[in-house]
Amino acid sequence: MKTFSLKSKDIQRGWFVVDATNKTLGRLASELAFRLRGKHKPIFSPHLDAGDNIVVINAAKIRVTGNKLNNKIYHRHTGYIGNLKSTSLAKLLETKPEQALMLAVKGMLPKNRLGRAMLRKLKIFADSEHIHHAQQPQQLDL
């Protein structure tokens, strides 16, 4: 019996739309990372990017549990001495709701060039309008 090895030419990617209204941030992010990685497919290979393209709409209507809105802090550094910038989750959801979901999914993907390629297939929009109608994405209920 021969072992099946997936090749990049055999990968078929679909387009899906996910509505994030009233979804919990972490649970939605883990399911998105699972699908971006391609683990839901029977042909999953850890060394290839076999996941689907996902469009997330209504990212501004996402919810979090507990006291995470005030206690969860995101840090970034400008590269200059003493310039560590900190933002709470509440302020990030108010100003850039797409960024909060993107950072949550990014933390669940591999930390290498393969993970960055997977993250490029995730498109996030704050409201219900998106620009990927030509790809005819299917509705995905998570």
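Just so you know, residue 1 is the first one in the sequence shown, and it goes up from there. Every heavy atom of this structure was used, including side-chain atoms; hydrogens, water molecules and symmetry mates were not. Predicted model only: the values in this text are computed from it and were never measured.
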Do [X] and [Y] have side chains that get closer than 4.5 Å, going by heavy atoms?
X: I54; Y: R35; answer: yes
X: H47; Y: L114; answer: no
X: V17; Y: Q138; answer: no
X: I73; Y: T87; answer: no
X: F44; Y: L6; answer: no
X: H130; Y: P137; answer: yes

Hey, quick one: are [X] and [Y] part of the same hydrophobic cluster, counting side-chain heavy atoms closer than 4.5 Å, chains of contacts allowed?
X: F4; Y: L48; value: yes
X: L101; Y: M108; value: no
X: F16; Y: L119; value: yes
X: L103; Y: F125; value: no
X: I124; Y: L25; value: yes

Using atom types as modelled and distance alone, determine if a side-chain donor or acceptor of K61 lies under 3.5 Å from a backbone N or O of I57. no
Taking R120's backbone N and O only, do any of them form a donor-acceptor pair with K123's side chain (distance below 3.5 Å, no angle check)? yes
Quick one: closest heavy-atom pair of [X] and [Y], and the distance?
X: N22; Y: R63; result: O-NE, 3.3 Å
X: P97; Y: A60; result: CB-CA, 3.7 Å
X: A20; Y: V56; result: CB-CG1, 3.9 Å

Euclidean distance, [Y] [atom2] relative to [X] [atom1], rounded to 0.5 Å:
X: L140; Y: D19; atom1: CG; atom2: CG; answer: 11.0 Å
X: L93; Y: E98; atom1: CG; atom2: CD; answer: 10.0 Å
X: M118; Y: R113; atom1: CE; atom2: CZ; answer: 13.0 Å
X: R116; Y: K111; atom1: CZ; atom2: NZ; answer: 11.5 Å
X: R27; Y: L32; atom1: CZ; atom2: CG; answer: 14.0 Å
X: I62; Y: L89; atom1: CD1; atom2: CG; answer: 9.5 Å

Can you tell me if [X] has over 12 outside heavy atoms packed within less than 6.0 Å of its [atom1]?
X: L84; atom1: CG; value: yes
X: Y80; atom1: OH; value: no
X: Q136; atom1: CD; value: no

Under 6.0 Å from the ring centre and within 45 degrees of the ring axis: does the NZ or CZ of K72 meet both conditions for the six-membered ring of Y74? yes
Under 3.5 Å side-chain donor-acceptor pair for N53 and H132: no
Is there a donor in the side chain of N58 and an acceptor in the side chain of S128, or the other way round, less than 3.5 Å apart? no
So if I apply the salt bridge (charged side-chain N to carboxylate O under 4.0 Å, His left out) rule between D52 and each of K121, K41, R13, which one comes out positive? K41
Run the side-chain contact (heavy atoms from CB on, under 4.5 Å) test on H40 and F34 for me, step by step, so that the C-alpha distance in whole Å, both residues' side-chain angles and the decisive distance to 0.1 Å come before the verdict. CA-CA 7 Å; H40 64 289; F34 186 78; 3.7 Å; yes
Going through the distances and angles, do W15 and V55 end up as a side-chain contact (heavy atoms from CB on, under 4.5 Å)? CA-CA 8 Å; W15 280 83; V55 178; 3.9 Å; yes
Regarding D49 and R37, does a basic nitrogen lie under 4.0 Å from an acidic carboxylate oxygen? no
Check the pair D10 / I43 against side-chain contact (heavy atoms from CB on, under 4.5 Å), numbers first and verdict last. CA-CA 9 Å; D10 299 332; I43 59 166; 6.0 Å; no
Do V64 and T24 pass the side-chain contact (heavy atoms from CB on, under 4.5 Å) test, and can you show the C-alpha distance, the side-chain angles, and the key distance before you say yes or no? CA-CA 5 Å; V64 293; T24 307; 5.9 Å; no
